[in-house]
J.: 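Below you'll find the structure I mean.
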Amino acid sequence: MGGMTELQRDDVEMIKHLLQKGKELAEKLQRKDSSAVFRFGFHAVPSMSHLHMHVVSQDFDSVSLKHKKHWNSFTTDFFHSAEDVIATLEKDGKIVIDKSYFNRLLSKELR
């Protein structure tokens, strides 16, 4: 399966399962650092062709955040929380993405 735009209402249980697994991982990581806070979600326009959910610590301490587009991909509306994806699928049965809008978010100035 590709990105979020291929998801349908029938996929809600799968996304809930991904979210649960992400939360289990976060709980393990929080045993090492109880102050760690995590978010779970998807990029509007993913750079990888298969569906995947990000588990992101909110300290943003990562060598992977070396460019503006990486930072913006997690700190703007480009990042869709798993909870929002589930709610949208339950309500609308699909996810609609305006790729040009979301791609512009990646080049925004850092905030």
Side-chain angles (χ1 to χ4, degrees):
M1 174 174 289
M4 289 189 309
T5 57
E6 292 186 25
L7 293 171
Q8 300 175 5
R9 186 174 279 113
D10 292 344
D11 297 316
V12 166
E13 290 306 313
M14 175 185 62
I15 301 303
K16 287 180 178 179
H17 179 75
L18 283 174
L19 178 57
Q20 180 58 39
K21 292 299 178 184
K23 288 180 176 182
E24 289 171 11
L25 173 62
E27 287 174 12
K28 287 180 185 177
L29 294 170
Q30 287 169 327
R31 287 185 204 130
K32 295 178 184 175
D33 179 0
S34 62
S35 67
V37 176
F38 294 90
R39 289 175 60 211
F40 313 91
F42 304 87
H43 284 149
V45 183
S47 58
M48 298 167 57
S49 61
H50 61 277
L51 181 69
H52 59 283
M53 184 185 76
H54 294 270
V55 177
V56 185
S57 65
Q58 293 306 279
D59 63 4
F60 293 109
D61 183 13
S62 171
V63 295
S64 299
L65 291 173
K66 39 188 171 180
H67 300 288
K68 178 170 59 171
K69 74 176 186 176
H70 296 132
W71 176 264
N72 285 341
S73 73
F74 292 105
T75 60
T76 67
D77 288 340
F78 192 87
F79 187 80
H80 291 255
S81 75
E83 291 89 350
D84 286 348
V85 170
I86 291 167
T88 301
L89 288 173
E90 288 176 336
K91 179 180 177 269
D92 302 330
K94 63 182 179 178
I95 306 288
V96 177
I97 298 293
D98 177 350
K99 286 185 179 184
S100 62
Y101 166 74
F102 285 107
N103 281 326
R104 284 192 305 273
L105 290 178
L106 294 181
S107 60
K108 282 181 70 167
E109 290 304 314
L110 296 176
R111 46 181 174 138

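Note that the structure is a prediction, hence the values are computed from the model and not measured.
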J.: Tell me the closest heavy-atom pair linking M53 and A82, and the distance in Å.
T.: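 So the minimum-distance heavy-atom pair works out to SD-CB, 4.0 Å.
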J.: Rounded to the nearest 0.5 Å, what's the gap from CD1 on I15 to CD1 on I95? Could you check?
T.: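 It comes to 8.5 Å.
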J.: So do M14 and L7 actually touch side chain to side chain, heavy atoms under 4.5 Å?
T.: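 Counting from C-beta outward, L7 and M14 do come under 4.5 Å.
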J.: Just so I know, are the side chains of N72 and F78 near enough to count as touching, which here means a heavy-atom distance under 4.5 Å?
T.: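 No, their side chains stay 4.5 Å or more apart.
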J.: Give, for atom CZ of F79 and atom CZ of R39, the distance between the pair rounded to the nearest 0.5 Å.
T.: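 Between atom CZ of F79 and atom CZ of R39 there are 5.0 Å.
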J.: Check for a donor-acceptor pair, side chain of D33 on one end and backbone N or O of S35 on the other, with a separation under 3.5 Å.
T.: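 Yes.
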J.: If you take all heavy atoms of M48 and H50, which pair is closest and at what distance?
T.: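 Scanning both residues, the minimum pair turns out to be CE-CE1, 2.9 Å.
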J.: Hey, is NE2 on H17 packed in by over 12 heavy atoms from elsewhere, all under 6.0 Å?
T.: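 No - once you tally the heavy atoms of other residues, nucleotides and ligands closer than 6.0 Å, there are 12 at most.
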J.: Hey, could you give me the CG/CZ distance between D92 and R9, rounded to the nearest 0.5 Å?
T.: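 Spacing of CG (D92) from CZ (R9) equals 7.5 Å.
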J.: For D11, is there any backbone N or O sitting under 3.5 Å from a side-chain donor or acceptor partner on E13?
T.: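 Such a contact is absent between E13 side chain and D11 backbone.
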J.: I'd like to know if the side chain of H43 and the backbone of S73 have a donor-acceptor N/O pair within less than 3.5 Å.
T.: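 At least one qualifying donor-acceptor pair exists.
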J.: With F38 as reference, evaluate L25, D59, L29 under the side chain to side chain contact (heavy atoms under 4.5 Å, CB included) test and give the passing residue.
T.: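 Looking at L25, D59, L29, the match for F38 under the side chain to side chain contact (heavy atoms under 4.5 Å, CB included) is L29.
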J.: Could you report the tightest heavy-atom contact between K16 and I86, atom names first, then the distance?
T.: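 In this case the closest contact between K16 and I86 is CG-CD1, 3.6 Å.
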J.: I need the minimum non-hydrogen distance between P46 and G3, along with the two atoms involved.
T.: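 The pair with the smallest heavy-atom distance is CG-CA, 4.0 Å.
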J.: Give a yes or no on whether the backbone of K99 and the side-chain of R104 come within a donor-acceptor separation of less than 3.5 Å.
T.: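 No; zero donor-acceptor contacts below 3.5 Å.
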J.: Flag the pair L18 / F40 as yes when at least one side-chain heavy-atom distance between them is below 4.5 Å, and no otherwise.
T.: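 When only atoms from C-beta onward are counted, F40 and L18 do not touch, as no gap falls below 4.5 Å.
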J.: With H80, which of F102, F74, F42 fulfils ring pair (Phe, Tyr, Trp, His ring centres under 6.0 Å)?
T.: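 The passing option is F102.
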J.: Using the rule that Ile, Leu, Val, Met, Phe, Trp and Tyr join whenever any side-chain heavy atoms are under 4.5 Å apart, tell me whether V37 and V56 fall into a single cluster.
T.: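 The answer is no; the residues belong to distinct hydrophobic clusters.
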J.: Of the non-hydrogen atoms in I97 and A44, which two are nearest, and what is the gap between them?
T.: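 Nearest heavy atoms, I97 then A44: CG2-O, 3.8 Å.
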J.: For M4 and V85, which heavy atoms make the closest approach, and how far apart are they?
T.: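 Minimum heavy-atom separation between M4 and V85: SD-CG2, 3.5 Å.
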